[in-house]
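See below for the structure under consideration.
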Amino acid sequence: MLEGKKNEEEKDIEVLKGKKLEKSDIIDLDGIKKLKDEIKKSDQVALFANENGIVFITDKGNRYISLNPSALITKEITLDALKPLFQLDTPYVIYGYKKLLKAGIDPKNIKCDIFIGNYLLTNHTKEEFEDLVLNRDGEVLKTQTEILKEKVIEKMNSEDMHDFLEIRAKFLYRSGDKFLEELEKDKLTKIYNIEMDLVKVLYKMENEGILIDLDYFKAYQKELAIKLDEIIPQIKAEVKKCVEHNINMMELTETNIKDILLQLGKLNYKKKSEYTAYEQKIEEADLDELLNNQLIFNIASPKQLGIVLFQLMKLSKVKKESVGVEVLEVLRDRDGEAIAENILEYRKLAKLQSTYVEALPKLVDENSRIHTTFNQTGTATGRLSSSNPNLQNIPVRTIEGIKIRQGFVAKNGYKLLAIDYSQIELRVLAEISKDETLILAYEQDKDLHDLTARKLFSLTEDEEVSREKRSLAKIVNFSIIYGKTAFGLSSELKISLGEAKEYISRYFTQYPGVKALETKIIEEAKCDGFVRTLYDRKRTIDGINSSNKNIVKQAERMAVNSVIQGTAADILKIVMVELNKKLEGMEDIKMNLQVHDELIFEVKEEKIEEYAKLIKDIMETTVKLDDVKLKANVAMGYNWSEAK
DNA sequence: CGGTCACGC
DNA sequence: GCGTGACCG
């Protein structure tokens with residue numbers, strides 16, 4: 001067996017020594033020494049790596065190291081043996097620093113990360129490396145899957161992999177300086193440096209992960225399953241009751257019902273044989289059988305649900321056969337349909353069940369910790385996004401949802417510390433609009449939703465603001481940040497378009513600076529085709545000069561929203577980098593999560609008050625705005641729901 | 001694989 | 001406004 005393996009290795013080395021790879025035959029420690037020397041003597045080195053191999057391009061030539069265990073990395077050549085290559089002062093041009101860190105590669109001197117640089121220059125969020133090269137140099141690169149498709153049976157060999165990596169490294173080698181120049185010319189160097197500092201912070205957070213209580217999730221899963229099991233028969237019973245009523249009222253016949261059930265069957269049964277059997281069953285069934293046993297439909301299917309509600313039950317349609325929340329709420333509130341409430345409840349529980357309670361426990365490591373991935377180039381505005389799992393959309397509003405947060409816990413002897421910014425986007429709005437009323441309100445530490453309510457309803461200082469008025473004002477405040485239309489506001493508040501327009505125009509009269517800012521941002525976007533945040537992050541705004549009025553309106557909202565949302569995102573990134581510096585090396589505190597305006601830490605219990613104070617202070621003072629103070633709220637507890 | 005729905009900020 | 005993900009067809 002040993003013999004066989006050795007032969008295999010030798011064979012691979014032979015391949016690497018072949019003509020094509022002459023310059024790339026790093027196969028032993030000596031070769032690494034040689035490469036180290038070449039790097040030292042070079043002005044720059046381009047590095048492109050994936051799980052299969054690494055290509056280095058220096059001024060002296062190209063070098064390939066296979067990471068395929070069966071090929072080249074032997075007892076002699078491990079990733080550790082390569083470490084000295086990354087401790088040199090020679091500047092590295094790379095693509096995706098965080099991925100390299102995950103692979104254990106951490107070049108001391110990074111000249112340019114094209115992954116980050118390209119994101120800042122283009123705002124492209126879904127662009128693959130191949131597209132980037134095509135857009136830049138017009139060069140067409142085959143993706144790995146494309147290559148694998150061509151090589152039907154034989155997998156990609158070392159030679160293919162070498163070519164694959166080398167062509168990419170070559171692009172990096174020739175592009176590093178160009179990217180740096182372009183970033184500089186586009187005033188993006190500052191934000192680029194922030195992003196680059198952030199990479200390591202994100203890597204550490206991902207690596208640290210967050211602990212979940214598996215037993216708790218198991219128990220909650222059972223609880224949800226029981227609740228779902230109770231709701232489904234209820235929904236079915238309501239359908240049955242209604243259908244019986246419709247029959248009595250001569251609005252439905254047995255034939256009608258059969259037709260509708262067959263329609264559902266078509267959606268339920270994909271296999272022809274199954275459907276034919278079902279068809280047969282329906283034809284033969286009597287009314288009793290139909291109502292008791294054949295009333296089968298998928299509540300989770302909007303299409304099927306629409307058929308059941310509007311054809312079988314003959315509920316009055318709200319918006320065609322649509323069954324979204326708004327529609328169900330109307331059916332519940334206007335028509336008093338009990339089934340609507342049950343469907344809403346079903347949806348909520350099913351969502352929690354599938355998206356969180358079932359999914360999260362599957363993703364734990366051996367320490368019951370979950371490691372999300374923070375995508376740094378995933379949004380057009382500069383925010384982070386989180387995936388696998390997305391920990392930025394863990395429920396918080398409903399009682400049932402909060403139970404998910406209870407499952408996120410701190411390890412023994414530790415507590416979770418959550419600090420969030422108070423209305424950071426509205427404060428950003430105040431800062432960049434210089435609206436005097438807004439600035440004054442924050443100077444006096446007023447409740448802004450309360451203030452907006454007073455403005456919208458012309459209340460005096462000593463009049464109480466009702467809960468309803470405050471919550472309406474809150475929605476109006478948000479709709480301003482989002483650049484929402486009067487139409488959107490009217491449907492959210494369930495008021496007339498005229499009323500919504502009235503609120504918006506009142507808002508702008510009361511906060512004239514905000515109106516002026518919106519006008520200014522839109523003008524800039526129209527003129528330049530892009531907008532910038534306070535820290536000069538760019539967002540290109542497509543469609544702002546379109547001939548389609550709706551597209552223009554949408555682009556205008558994007559423009560306004562990007563400046564505010566993007567500036568808030570910048571602030572969080574700056575603060576995270578600063579926090580990382582201050583907390584470096586401290587073993588009793590770790591930053592775990594960022595949820596847009598909130599940071600979550602795991603802190604040793606006895607030190608939590610001390611750290612809370614420190615972090616709150618850093619969050620409030622690291623970024624100094626000219627006219628508005630930033631405010632952060634501290635919360636702590638043994639689980640994430642207490643830390644709120 | 002695009003549309004709908006629902007969760008977050 | 002900005003995301004991710006489950007589910008359907």
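The chains referred to below are lettered A, B, ... by the order of the sequence lines, with proteins before strands, and numbering in each begins at 1. This one's a predicted model, so the numbers in the text were calculated from it and none came from an experiment.
- Taking the charged nitrogens against the carboxylate oxygens, A:Glu556 and A:Lys526 do have a contact shorter than 4.0 Å, which makes a salt bridge.
- Closest non-hydrogen pair, A:Ile551 versus A:Gly543, comes out as CG2-O, 3.6 Å.
- Listed by residue number, A:Arg383, A:Gln392, A:Asn393, A:Ile394, A:Pro395, A:Val396, A:Arg397 are the residues of residues 378-398 of chain A with a heavy-atom contact under 4.0 Å to DNA chain B.
- In summary, of the residues considered (A:Glu337, A:Glu341, A:Glu326), a salt bridge (charged side-chain N to carboxylate O under 4.0 Å, His left out) with A:Arg332 occurs for A:Glu341 alone.
- Contact annotation for A:Phe478: no contact, since no heavy-atom pair falls under 4.0 Å across all strands.
- One interatomic measurement links the two molecules: CD of A:Gln594 to C1' of C:dG3, which rounds to 12 Å at whole-angstrom precision.
- For A:Asn550, the side chain to side chain contact (heavy atoms under 4.5 Å, CB included) partners two or more places apart in sequence, or in a different chain, are A:Asn548.
- Scanning for ring-ring contact (aromatic ring centres under 6.0 Å, His included) contacts around A:Phe408 gives A:Trp640, with sequence neighbours left out.
- Side-chain nitrogen and oxygen atoms of A:Gln304 include at least one within less than 4.0 Å of the OP1 or OP2 phosphate oxygen of C:dG9.
- Remark: side-chain polar atoms of A:Arg532 are not paired, donor with acceptor, to backbone N or O of A:Lys538 under 3.5 angstrom.
- Sorted by residue number, the list of members of residues 516-527 of chain A with any non-hydrogen atom under 4.0 Å from DNA chain C is empty.
- Note on A:Gln554: only backbone sugar-phosphate atoms sit closer than 4.0 angstrom, heavy atoms only; bases stay farther off.
- With hydrogens and angles disregarded, a donor-acceptor distance shorter than 3.5 Å links the side chain of A:Gln304 to the backbone of A:Asn298.
- With sequence neighbours excluded, no residue satisfies ring-ring contact (aromatic ring centres under 6.0 Å, His included) with A:Tyr346.
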Give every pair of a protein N or O atom and an N or O atom of nucleotides 1-4 of chain B that lie under 3.5 Å apart, one pair per line with the distance.
none

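- For the pair A:Glu431 (side chain) and A:Leu625 (backbone), a donor-acceptor distance under 3.5 Å is absent.
- Whole-Å rounding puts the A:Asn298 CG to C:dA6 C1' distance at 12 Å.
- If you take CZ of A:Phe374 and P of B:dG8, they are 17 Å apart, rounded to a whole angstrom.
- Of the possible polar contacts, none joining the A:Lys455 side chain to the A:Ala473 backbone as a donor-acceptor pair under 3.5 Å is found.
- Rounded to an integer number of Å, the gap from A:Leu328 CG to B:dA6 C1' is 12 Å.
- Contact check of residues 501-515 of chain A against DNA chain C (heavy atom, cut-off under 4.0 Å) returns no residues at all.
- Contacts classified as salt bridge (charged side-chain N to carboxylate O under 4.0 Å, His left out) and involving residues 631-641 of chain A (residues at least two apart or in different chains) are given here: A:Asp445-A:Lys631.
- Within the nucleic acid shown, A:Val560 has no heavy atom closer than 4.0 Å to any nucleic acid atom.
- Listed by chain and number, the residues in a ring-ring contact (aromatic ring centres under 6.0 Å, His included) with A:Phe297 amount to none (sequence neighbours excluded).
- Residues A:Asn375 and A:Glu425 each lie close to DNA chain C; by heavy-atom proximity, the contact nearer the 5' end of the strand is made by A:Glu425.
- A:Asp597 places its CG atom 10 Å from the C1' atom of B:dG8, with the value rounded to the nearest Å.
- Residues A:Ser368 and A:Leu214 approach most closely at OG-CD1, 3.5 Å, considering heavy atoms.
- Rounding to whole angstrom units, CD1 of residue A:Ile399 and P of B:dC7 are separated by 14 Å.
- Taking every heavy atom of residues 339-354 of chain A and every atom of DNA chain C, pairs under 4.0 Å involve A:Lys351, A:Ser354, by number.
- The pair A:Lys218-A:Glu223 fails the salt-bridge criterion, with no side-chain N (NZ, NE, NH1 or NH2) lying under 4.0 Å from an Asp/Glu carboxylate O.
- With sequence neighbours left out, A:Tyr356 forms a ring-ring contact (aromatic ring centres under 6.0 Å, His included) with no residue at all.
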Contacts under 3.5 angstrom, residues 511-518 of chain A side chains, donor-acceptor by atom type, not counting sequence neighbours:
residue	atom	partner	partner atom	Å
A:Tyr511	OH	A:Thr452	OG1	2.9

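- Spacing between atom CG of A:Asn550 and atom P of C:dG1 amounts to 11 Å, rounded to whole angstrom units.
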